[in-house]
Amino acid sequence: MLQEAIITKIRDDGLAEVVVERLGICGGDCNGCEGCKYDHLMKSVVQNPIDAHRGQHVMIETPTVGVVKGALAIYVLPLILLFVGYAVGAILSLTEGMCILAAFIGAVVGVIIAVIVSKKRHAADPTPTKIVSVIYDQEN
């Protein structure tokens, strides 16, 4: 996934702080809704393998596979375990209330698993996003 960003700071550890304009579901055209009026800028820390400088407009790349896996872990896994919890309760011939409780427990277990997986992925690669090219240099 490629996005345009502006470098706001170069850190001593070889990373760069950037500001990215976050486009919402509406595609960034906020003329009518103004729902994201104040939340459209997102700060992020990225790898700087091309030695870009402060003030440059750059293209950053986030691995698409990581984004998809993260979304699946956070949204889909708890939902699947919710249904599995309910199904297990039904198979065990539990009452309706107990089946709902089993479904809730399944969803909570899914959230816990998603958090653990997310923390392990972050520990393995805390900044997977990197600068891939300079688009525009304000100084030139």
Side-chain angles (χ1 to χ4, degrees):
M1 182 169 79
L2 293 172
Q3 288 182 295
E4 187 175 336
I6 300 171
I7 300 176
T8 57
K9 182 179 179 184
I10 300 296
R11 296 178 11 171
D12 293 335
D13 57 2
L15 300 175
E17 294 180 15
V18 298
V19 174
V20 180
E21 186 169 359
R22 182 171 51 187
L23 299 177
I25 295 172
C26 62
D29 182 19
C30 298
N31 290 334
C33 106
E34 296 183 16
C36 57
K37 184 175 182 178
Y38 301 105
D39 297 328
H40 69 286
L41 295 179
M42 180 177 69
K43 294 180 181 179
S44 185
V45 176
V46 299
Q47 296 176 21
N48 188 10
I50 64 170
D51 197 32
H53 304 288
R54 185 176 183 273
Q56 290 180 320
H57 291 243
V58 294
M59 191 64 71
I60 60 173
E61 179 179 39
T62 303
T64 305
V65 173
V67 173
V68 172
K69 283 182 180 179
L72 286 175
I74 291 170
Y75 297 111
V76 177
L77 183 63
L79 186 62
I80 289 172
L81 290 182
L82 177 125
F83 287 116
V84 168
Y86 189 89
V88 167
I91 289 170
L92 296 175
S93 300
L94 299 177
T95 64
E96 185 72 21
M98 292 305 288
C99 288
I100 292 171
L101 179 63
F104 178 74
I105 291 170
V108 169
V109 168
V111 170
I112 292 169
I113 291 170
V115 167
I116 291 169
V117 168
S118 177
K119 286 184 178 183
K120 284 185 179 181
R121 287 186 56 222
H122 180 73
D125 190 5
T127 48
T129 304
K130 64 181 177 182
I131 299 171
V132 293
S133 64
V134 175
I135 300 171
Y136 172 75
D137 191 346
Q138 289 180 338
E139 295 175 7
N140 292 335

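Worth knowing before you read on, the calculation uses all heavy atoms, side chains too, and leaves out hydrogens, waters and symmetry mates. It should be emphasised that the depicted structure is a prediction, and the values quoted were computed from it without experimental measurement.
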Can you find a pair of side-chain heavy atoms, one from [X] and one from [Y], that are under 4.5 Å apart?
X      : Y      : answer
Leu81  : Ile113 : yes
Val45  : Arg11  : yes
Asp51  : His53  : yes
Tyr86  : Ile100 : yes
Lys130 : Val132 : yes
Glu4   : Val20  : no
His57  : Ile6   : yes
Leu94  : Leu101 : no

If you take all heavy atoms of [X] and [Y], which pair is closest and at what distance?
X      : Y     : value
Gln47  : Leu15 : CA-CD2, 3.7 Å
Thr64  : Met1  : OG1-N, 2.9 Å
Ile7   : Ala16 : CG2-CB, 4.3 Å
Ile10  : Ala52 : CD1-O, 3.3 Å
Ala102 : Gly85 : CB-O, 3.3 Å
Cys99  : Ala90 : SG-N, 3.4 Å

Applying a strict under-4.5 Å side-chain criterion to I, L, V, M, F, W and Y, I'd like to know whether [X] and [Y] cluster together.
X      : Y      : result
Val88  : Ile80  : yes
Leu2   : Ile135 : yes
Val109 : Met98  : yes
Ile116 : Val108 : yes
Ile50  : Val46  : yes

*Say whether, by atom type as modelled, one donor and one acceptor occur between the side chain of Arg54 and the main chain of Thr8 under 3.5 angstrom.*
yes

*Give, for atom CG of Leu77 and atom NZ of Lys69, the distance between the pair rounded to the nearest 0.5 Å.*
14.0 Å

_Nearest 0.5 angstrom please: Gln56 CD to Asn48 CG, how far?_
8.5 Å

_Whether over 12 other heavy atoms sit under 6.0 Å from Met59 CE_ = yes

